Amino acid sequence: MDTSQNVYSKLADNLLAWYAQNRRALPWRDHPDPYAVWISEIMLQQTRVESVRPYFERWMAHFPNLATLAAASKEEVLRLWEGLGYYSRALHLHRAAQIICERYDGQLPHSQSELLQLPGIGPYTAAAIAALAFGQDAIALDGNLKRIFARLFDVDTPLGNAQTEKCLRALTQAHLPHGKAGDYNQALMDLGALVCTPKNPQCERCPLQQGCLALARNTVHLRPVRPLKKRIPHYDVVAAVVMHKQHLLLARRAEDRLLGGLWEFPGGKVRPKEPFEHALQREIREELGAEIEVGAPLGTYRHAFTHFRITLRAYLCRLQANSPLPQALEHTALAWVTPTDCAAYPMGKVDRQIATHLLEEGFPLVSD
DNA sequence: GATGCGTGGAT
DNA sequence: TATCCAAGCAT
């Protein structure tokens with residue numbers, strides 16, 4: 001008789017039975033190899049399944065295995081990632097692939113401690129790979145699991161709080177069916193995505209409703225308790241489409257900053273009460289050591305980042321006759337391109353909109 | 001431990 | 001339109 005805890009809890013029983021009938025068909029579930037699990041887990045960080053789906057398919061077609069990823073260029077990797085956001089994920093993925101090739105003969109390590117050493121892999125992803133790819137008893141404590149267990153046990157302390165996290169980890173661990181961590185984790189993620197959703201949860205369809213304390217107390221909509229949010233600032237930003245000798249200027253952003261590694265039309269924040277044209281001349285002088293004439297406005301773009309919003313105004317610009325050529329003083333590279341060339345340069349959303357606009361509206365023919 | 005890091009969809 | 005938020009990680 002097994003007297004250890006290797007007796008599945010009623011919770012896990014009900015959950016796994018529900019999962020057997022309701023599991024989602026997801027592209028990465030058709031790929032049994034650890035590489036696919038890893039790629040999908042990185043893409044899914046803070047990102048919705050429906051956003052990830054086409055990116056994953058395209059990525060696997062382009063980089064079918066770890067070796068092809070390791071051999072790729074950063075530009076290629078970022079181009080395939082463009083639009084997914086949090087671009088350091090792509091650069092970390094690329095660097096980790098190279099480390100795995102060198103240090104582990106191209107095979108993802110199995111232990112969570114070794115996985116944790118790799119760039120872009122934190123506690124969640126290490127546990128997810130260990131459980132889903134290698135069948136280990138690990139808890140991938142993501143937002144879904146936290147939400148579900150905060151409701152099941154009516155946890156009334158805020159997420160992010162160390163005590164709350166410890167409590168939720170203990171609760172999820174206590175119900176883990178040994179040897180079935182892969183299904184357990186994925187079942188909870190599917191339940192969180194399909195039934196125990198952040199808004200309008202479908203409690204009447206939930207396989208765990210009988211044991212849900214928040215449902216019994218009518219506090220489901222209050223759980224989990226979210227930490228207080230800060231107001232996000234708004235900035236006016238200007239960007240220069242610098243034309244010179246029938247080409248326009250792109251600049252590559254530093255890799256450790258916002259939109260790291262992506263190419264942009266250079267510019268920057270407008271200071272309070274500063275005229276837009278003046279701000280643009282100042283930014284180009286500071287960043288590129290060049291003097292420009294600011295010409296026609298090319299458009300206004302509003303965009304929301306996670307922690308601030310911008311209104312960006314783009315202007316057609318030319319180098320002043322006596323200006324030095326632009327240099328990459330704050331960027332990592334510069335390129336003179338045509339609008340058609342832009343497709344090859346990974347960009348963030350707004351810069352891509354500007355590039356597309358230039359392509360569609362025609363390249364302004366300015367002689368100089 | 002707090003902050004910085006994208007984007008698109010739902011409400 | 002504004003807000004919320006979705007399978008976190010690095011510093």
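Computed from a predicted structure; not experimentally measured. Protein chains get the first letters and strands the later ones, always in sequence-line order, with residue 1 at the start of each.
- A straight line from CG of A:Leu159 to P of B:dG1 spans 15 Å, rounded to a whole angstrom.
- Looking at heavy-atom distances under 4.0 Å, A:Ala304 makes contact with a base.
- Of the residues in residues 43-56 of chain A, A:Leu44, A:Gln45, A:Gln46, A:Arg48, A:Val49 come within less than 4.0 Å of DNA chain C through at least one heavy atom, sorted by number.
- Spacing between atom CZ of A:Arg309 and atom C1' of B:dC5 amounts to 16 Å, rounded to whole angstrom units.
- For the pair A:Ile42 CD1 and C:dA10 C1', the interatomic distance rounds to 12 Å; values are reported in whole Å.
- Residue-to-nucleotide contacts include no donor-acceptor pair under 3.5 Å from the side chain of A:Arg257 to the base of C:dA10.
- For CD of A:Gln107, the number of neighbouring non-hydrogen atoms (other residues, nucleotides, ligands) closer than 6.0 Å is 12 at most.
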*Kindly determine whether A:Glu255 and A:Lys74 satisfy salt bridge (Lys or Arg N to Asp or Glu O under 4.0 Å), including the steps that lead there.*
CA-CA 11 Å; A:Glu255 290 185 3; A:Lys74 285 181 184 177; 2.9 Å; yes
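- Contacts between residues 72-91 of chain A and DNA chain C, counted as heavy-atom distances below 4.0 Å, involve no residue at all.
- Spacing of P atoms, C:dA7 relative to B:dG4, comes out at 23 Å, to the nearest Å.
- Judged by the 6.0 Å and 45° rule, A:Arg89 forms no cation-pi pair with A:Tyr86.
- Using a 4.0 Å heavy-atom criterion, one finds that A:Arg352 contacts no nucleic acid atom at all.
- If you take atom P in B:dG8 and the same atom in C:dC9, they sit 23 Å apart, rounded to whole Å.
- Below 30°, between 30° and 60°, or above 60°: for A:His110 and A:Phe134 the angle between ring planes is below 30°, a parallel geometry.
- With rounding to whole Å, A:Glu41 atom CD is found 11 Å from C:dG8 atom C1'.
- Under the 30°/60° scheme for interplanar angles, the aromatic rings of A:His244 and A:Trp336 are found to be tilted.
- For DNA chain C, the residues of residues 115-122 of chain A within the heavy-atom distance limit of 4.0 Å (strictly under) are A:Leu118, A:Pro119, A:Gly120, A:Ile121, A:Gly122, sorted by number.
- Not one N or O on the side chain of A:Gln327 forms a donor-acceptor pair closer than 3.5 Å with the backbone of A:Gly289.
- Within the 4.0 Å cut-off from OP1 or OP2 of B:dT7, at least one side-chain nitrogen or oxygen of A:His303 is found.
- Within the 3.5 Å criterion, the main-chain N or O of A:Arg169 finds a donor-acceptor partner in the side chain of A:Thr172.
- Between the CG atom of A:Leu145 and the P atom of C:dA7 there is a distance of 9 Å, rounded to whole Å.
- Between A:His31 and A:Phe56, the ring planes are perpendicular. Angles over 60° get that label, and only those under 30° would be called parallel.
- Looking at heavy-atom distances under 4.0 Å, A:Gly348 makes contact with sugar-phosphate atoms alone, never a base.
- Near DNA chain C, meaning a heavy atom under 4.0 Å away, the residues from residues 217-238 of chain A are A:Arg226, A:Lys229.
- Checked against a 6.0 Å centroid threshold, the rings of A:Tyr235 and A:His303 do not count as neighbours.
- Listed by chain and number, the residues in a side chain to side chain contact (heavy atoms under 4.5 Å, CB included) with A:Ser88 are A:His92 (sequence neighbours excluded).
- Residue A:Pro177 comes nearest to A:Leu16 through the heavy atom pair CG-CD1, 3.9 Å, listed as atom of the first residue, atom of the second, then distance.
- Comparing A:Gly160 and A:Gly260 by the nucleotide of DNA chain B whose heavy atom lies nearest to each, the residue mapping closer to the 5' end is A:Gly160.
- Remark: A:His307 is in phosphate contact with B:dC5, judged by side-chain N or O atoms under 4.0 Å from OP1 or OP2.
- For B:dG8, the OP1/OP2 oxygens have a side-chain nitrogen or oxygen of A:Lys349 closer than 4.0 Å.
- Taking the six-membered ring where the residue is Trp, A:Phe63 and A:Trp59 present perpendicular rings, their angle passing 60° and hence far from 30°.
- At C:dA7, none of the side-chain N or O atoms of A:Ser40 fall inside 4.0 Å of OP1 or OP2 (strictly under the cut-off).
- Membership of an apolar cluster is not assigned to A:Leu222, as no side-chain contact below 4.5 Å to another ILVMFWY residue is traced.
- In this structure a side-chain-to-backbone donor-acceptor pair under 3.5 Å is missing from A:His178 to A:Asp137.
- With rounding to whole Å, A:Tyr301 atom OH is found 18 Å from B:dT7 atom C1'.
- Of the possible donor and acceptor atoms, none in the side chain of A:His278 sits under 3.5 Å from a partner among the backbone N and O of A:Phe276.
- When distances are taken from the side chain of A:Lys199 to each of C:dC5, C:dA7, C:dC9, the shortest belongs to C:dC5.
- Rounded to whole angstrom, the span from the CZ atom of A:Phe305 across to the C1' atom of B:dC5 amounts to 10 Å.
- For the OP1/OP2 pair of C:dA7 and a distance below 4.0 Å, the side-chain nitrogens and oxygens of A:Arg147 include at least one atom meeting the criterion.
- Remark: C1' of B:dC5 and CG of A:Leu93 are 16 Å apart, rounded to the nearest angstrom.
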